[in-house]
Amino acid sequence: KIAKMKTLPNDTKKKTITMIVDAVFDEIRRSVRKEGKFAYPHFGTFAKRKRKARRAMNPRTKTIIKIPARNSVVFRPAAVFKDAVSGTLK
């Protein structure tokens with residue numbers, strides 16, 4: 001969708017835009033993996049969070065299964081981003 005935005009110059013190639021966007025997301029992934037978080041001002045912060053091992057029940061068979069500990073990613077939007085989405089930012 002970003003590569004098809006109308007606000008981009010007409011001579012911008014879709015392939016070039018796709019490469020730039022992919023590079024940005026690769027850097028976000030690298031930062032979260034190595035440093036534990038990636039913050040972008042006025043947008044938000046991606047952070048790595050450890051989840052503990054736990055037990056759960058399979059609803060079909062009613063057997064208890066063990067879910068191992070793992071890392072997950074959380075996103076905390078910046079206040080400016082929240083306001084823009086909710087419509088309170090002018």
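F38 and V73 fall within the same hydrophobic cluster, defined by Ile, Leu, Val, Met, Phe, Trp and Tyr side-chain heavy atoms under 4.5 Å apart, directly or through other members. Under a hydrophobic clustering in which Ile, Leu, Val, Met, Phe, Trp and Tyr are joined whenever their side-chain heavy atoms come within less than 4.5 Å, directly or via other members, V74 and I67 fall into different clusters. In the hydrophobic clustering of ILVMFWY residues, with side-chain heavy atoms under 4.5 Å counting as a link, I17 and I20 come out apart.
Under the ring-ring contact (aromatic ring centres under 6.0 Å, His included) criterion, Y40 pairs with no residue at all, not counting sequence neighbours. Here F46 pairs with F75 under the ring-ring contact (aromatic ring centres under 6.0 Å, His included) rule; sequence neighbours left out. Partners of S72 under the side chain to side chain donor-acceptor pair (under 3.5 Å) rule, at least two apart in sequence or in another chain, do not exist in this structure.
Applying the salt bridge (Lys or Arg N to Asp or Glu O under 4.0 Å) definition to pairs two or more places apart or across chains, those involving residues 22-32 are D26-R29, E27-R30. The salt bridge (Lys or Arg N to Asp or Glu O under 4.0 Å) contacts involving residues 62-72 comprise nothing, where partners must be two or more places apart or lie in separate chains. Applying the salt bridge (Lys or Arg N to Asp or Glu O under 4.0 Å) definition to pairs two or more places apart or across chains, none involves residues 34-54.
Taking CG of N58 as the reference point, atom OG1 of T63 lies at 4.5 Å (rounded to 0.5 Å).
The hydrophobic cluster containing I64, built from Ile/Leu/Val/Met/Phe/Trp/Tyr side-chain heavy atoms closer than 4.5 Å, also comprises M57.
Contact between A47 and V32 at its shortest, heavy atoms only, is C-CG1, 4.4 Å.
Checking side-chain atoms of S31 against main-chain N and O of I28 turns up no donor-acceptor pair under 3.5 Å.
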